[in-house]
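Computed over heavy atoms, backbone and side chain alike; hydrogens, waters and symmetry mates excluded. Order of the sequence lines fixes the chain letters, A, B, ..., with proteins taken first and strands second; residue numbering starts at 1 for each chain.
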Amino acid sequence: MIFKKRTHNCGELSQTNINENVTLNGWVSKKRDLGGLLFIDIRDRYGITQLKINPDNSSVYEIANRLGQEFVISATGMVMKRESINKNIPTGEIEIDVNEIEILNESDIPPFVIENDVKAADDLRLKYRYLDLRRKNITDNLILRNKVYQVVHRYFEKHGFVEVETPILMKSTPEGARDYLVPSRVHKGKFYALPQSPQIYKQILMVSGLDRYVQICKCFRDEDLRADRQPEFTQIDLEMSFVTQDDVFQILEGMFKEIWREVKDIDLPESFTRLTYDEAIECYGIDKPDLRIKGGLKIVNITDAVRNSEFKVFNDAINSGGTIAGIRLQGSEVSRKIIDSLTDFVKNLGLGGLGYLKFNADGSVQSPLTKFLSTEITESVKQAFSAGNGDTVFILSGVRKKVQSVLGQLRLKLAEIFKLTDESKYEFAWITDFPLFNYDEEEKRFVAEHHVFTMPKDEYLKFLDSRNIEEVESIRANCYDLVLNGHEIISGSIRIHKPDIQKKVFDVIGLTDEEARQKFGFILEAFRYGAPPHGGAAVGFDRIIAILCGLNSITDTIAFPKTLKASSLMDECPSEVSTGQLEELGISIVKKS
RNA sequence: GGAGUCGUAGUUCAGUUUGGUUAGAACGCCUGACUGUCACUCAGGAGGUCGCGGGUUCGAGUCCCGUCGAUUCCGCCA
């Protein structure tokens, strides 16, 4: 096909090009027909330029009149200074006085209008994703994403990392998320799994002596989805030999500093905040605290302060070994209506009720609890919270873990209601020293918190032989997350490289030698040939892009995302396959009755 | 697996509380007018399986049951 190719894109012409003869290729974005004069906005991913069509040029005018939304055109003409300037767009000082126009392709009337402030619902946008992607703010997300890819590649190259591709078809491993399975035609009845992460391969690469591995890779998990979880997602996966936790942190902090500098022109702090898991839970009730909240809204334990009160609810909690704790809200006016909604909120999360004390400006105390609390106890509660007049404290009581986690959620709720989150901030925090195991009450066994290759901290190795729930759960691991604005964006650990420790970990989770050999035989075997001390991490790439783009969901950081039910509305997958295909794989479908 | 919200014109929504005449608006689309617009303006017009199935009723967009889809959250995500 012969057509007049562009000399410029639709976003680059300015006053300096005046009187140049140019050709633009692009899509018809908007038509303004003044009866005589006709203005057309032509759009490509670089921008929008105004075309002017004069009725005197009847052949051009006739074609231009036929143009509809999203027609693809080639327009040639002279760059002119506009009579009235449009300050809203970069090319607003000029227009093209068109003397030649060509329709390269027509378009059906689009199902929704392509504009930045799109009105179409999510499912329609996903069905016509190619149209949605024509919108500048989605294109810009993909362009920013590309920029981060390039920064990351350059950064790791600079630091001596080798990018190695690992298999997409791999062995299904038992622990962790549900695998996506791929049936084998050659080995009927057998399956590959798509990687939940390249965990095992990257550790084996360390045994191979690759020393520093990185990969921007796709991972797949067949679990229920959320706004920040897609069935297939992207990680920056890395692993390093002969390192401690601090070495891994240093490399990753450097990466974020470089990304933020290049993409946002922001200098991140020299080193990131660190909290242990226990501190995070204690202060924020969650292992991914949002540190942007003004006033901190830290959790304060007041069990001791109210120990001798007359309040049955508190005393019951204390007598059964529970906790009484709360949060201080500084200065805000808390209405009856808000307290009622907060009470519903904590009740829905499984607690009996929400206590509160309002310390009024005049020094009086307003609370349904005052009749149970002596003046002394009220005063010591006030001191425990460092509360001043005008502050309100919210108090929960019950089982320690439950109280902490609900306070953690209440904290976020309060920040939302009273707009306490500083949206302009990027608050990074390492969370370290995660528990290695927790006891699964349903399955009556210990399960790994992170994964089974995570190295316990030296001082806890002695508990690997214990089966006492408290002792085993107390084991802390060389395991860490990086949290950004309340989102977990990195998870990693120093790995076990010693067979004897690995065996003990398998013992704790109840994996027999035989099972371990079946499931992880190849990696255990590899580890017998001189595995170096090593560790690494995986970075949630989509989440970082979402945060950089100011999005709550990762959907629009991904060109072709799936819905919460893991289907793609554009290509309608998953889909049925022919009986021939199934026969070849030795698969028959069981119809649900 | 569970809970919430939503589903009405091509699109975004109103109408559902309290069942009752011909289901409305805006944008888009079509026709006409308009030579400096940039959310062009003005006049006119077409356009509906009220997601789908069943039930209650003289009568259902509206009430009830089921189901499908999108979305938010819990469980889940080593």
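- Side-chain rings of A:F233 and A:F541 stay apart, their centers remaining 6.0 Å or farther from each other.
- For A:N86, taking side-chain heavy atoms from C-beta onward, the closest of the listed nucleotides B:U12, B:C38, B:A70 is B:C38.
- You'll find the ring centres of A:F71 and A:W27 outside the 6.0 Å limit.
- Here B:G36 is the nucleotide among B:U11, B:G36, B:C29 with the atom lying nearest to any side-chain atom of A:E83.
- For A:A121, the listed nucleotide lying nearest its side chain is B:U12; candidates were B:C76, B:U12, B:A70.
- In this model, the phosphate group of B:G36 is not approached by any side-chain N or O of A:S84 to a distance below 4.0 Å at OP1 or OP2.
- Of the candidates B:C76, B:U72, B:A70, B:C76 carries the atom nearest the A:R226 side chain, counting heavy atoms from C-beta on.
- When each of A:R543 and A:R82 is assigned the nucleotide of RNA chain B with its nearest heavy atom, A:R82 is the one assigned upstream, toward the 5' end.
- Nearest heavy atom pair, residue A:G536 against residue A:Y480, reads O-OH, 2.9 Å.
- In this structure, A:S567 and A:D224 both approach RNA chain B, and ranking their closest nucleotides by distance from the 5' end singles out A:S567.
- When distances run from any side-chain atom of A:L126 to the nucleotides B:U12, B:G36, B:U71, the shortest one goes to B:U71.
- Residues A:E423 and A:R292 are paired through a salt bridge, judged by an N-O separation under 4.0 Å between the basic side chain and the carboxylate.
- Checking B:C73, B:G36, B:C77 against every side-chain atom of A:L37, the shortest atom distance belongs to B:G36.
- Nearest nucleotide to the A:N88 side chain, out of B:A39, B:U35, B:C76: B:A39.
- In this structure, of B:C40, B:U71, B:G28, it is B:C40 that holds the atom nearest to the side chain of A:L34.
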